[in-house]
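Here's the structure, in structure tokens; my notes come after.
Since the model is a prediction, treat every value here as computed from it, not as a measurement.
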Amino acid sequence: QVQLVESGGGLVQAGGSLRLSCAASGRTFSALAMGWFRQAPGKERDIVAAIGWSGSATYYVDSVKGRFTISRDNAKNTVYLQMNSLKPEDTAVYYCAADPSYQVILAGRGLRSWGQGTQVTVSS
């Protein structure tokens, strides 16, 4: 099992930026695919972005393409989500998740390793 700790959330005005971090421990980080998910009040938790173990494969949900960037630093066991041009509809609790399979991250089902979440609030 891998332990994940998110940080970097907060309150920002529309058009602003935040960078989320997710630090992993307990398993070989470079062998894990990673994903960022978000859950808004009253809604399901959905994938936002994903990255393969080497960083060469990435995925973004359409609503964040061109605004968010996922990256990873395997030497620091950390995955990042740079969020620019934030909109009020980006308001949610953001979670990171880990799995050896990139396809499992993309599917968003059967994931056992989740962080505790970090709140992102974008004011209009």
Side-chain angles (χ1 to χ4, degrees):
Q1 195 83 357
V2 60
Q3 290 75 46
L4 303 170
V5 179
E6 300 100 335
S7 62
L11 173 64
V12 64
Q13 289 188 331
S17 298
L18 285 173
R19 187 175 83 153
L20 305 183
S21 299
C22 173
S25 61
R27 192 162 177 173
T28 303
F29 181 73
S30 60
L32 295 171
M34 302 294 296
W36 284 100
F37 295 74
R38 66 186 178 188
Q39 186 169 22
K43 295 188 177 181
E44 293 186 353
R45 184 160 50 186
D46 293 322
I47 190 168
V48 175
I51 189 165
W53 61 270
S54 70
S56 59
T58 58
Y59 164 84
Y60 299 94
V61 68
D62 285 348
S63 59
V64 308
K65 283 181 181 177
R67 300 189 298 123
F68 291 11
T69 302
I70 189 170
S71 62
R72 64 189 297 158
D73 185 336
N74 286 347
K76 295 183 178 180
N77 291 354
T78 302
V79 63
Y80 305 97
L81 186 67
Q82 178 67 45
M83 306 186 295
N84 299 328
S85 302
L86 282 161
K87 304 176 180 180
E89 51 264 43
D90 295 317
T91 295
V93 178
Y94 283 70
Y95 300 88
C96 68
D99 196 275
S101 169
Y102 184 62
Q103 295 304 318
V104 170
I105 292 286
L106 294 180
R109 290 186 173 87
L111 291 165
R112 292 177 291 178
S113 297
W114 291 95
Q116 82 288 352
T118 185
Q119 177 71 47
V120 171
T121 303
V122 185
S123 63
S124 57

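- Heavy-atom neighbours of Gln1 CD from other residues, nucleotides or ligands within 6.0 Å: above the threshold of 12.
- Side-chain contact between Arg67 and Asp90: present, with at least one pair of heavy atoms (C-beta onward) separated by less than 4.5 Å.
- In the hydrophobic clustering of ILVMFWY residues, with side-chain heavy atoms under 4.5 Å counting as a link, Trp53 and Leu4 come out apart.
- A salt bridge between Lys65 and Asp62 is present, with a side-chain N of the basic residue lying under 4.0 Å from a carboxylate O of the acidic one.
- There is a path of hydrophobic side-chain contacts, each under 4.5 Å, that joins Trp36 to Val2.
- Between Trp114 and Tyr95, the ring-plane angle classifies as perpendicular under the 30° and 60° cut-offs.
- Looking only at distances, a side-chain donor or acceptor of Thr78 sits under 3.5 Å from a matching main-chain atom of Lys76.
- Taking 4.5 Å as the limit, some side-chain heavy atom of Tyr59 sits within range of a side-chain heavy atom of Ile47.
- One hydrophobic cluster holds both Val61 and Leu20 under the rule that ILVMFWY side chains link at heavy-atom gaps under 4.5 Å.
- For CD of Gln116, the number of neighbouring non-hydrogen atoms (other residues, nucleotides, ligands) closer than 6.0 Å is greater than 12.
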Next on the checklist: Quick one, Val64 with Met83, criterion side chain to side chain contact (heavy atoms under 4.5 Å, CB included). Give me CA distance, side-chain angles, the key distance, then yes/no.
Outcome noted: CA-CA 9 Å; Val64 308; Met83 306 186 295; over 6 Å; no

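- The hydrophobic cluster containing Tyr102 also contains Met34, counting ILVMFWY residues as joined when their side-chain heavy atoms lie under 4.5 angstrom apart, directly or transitively.
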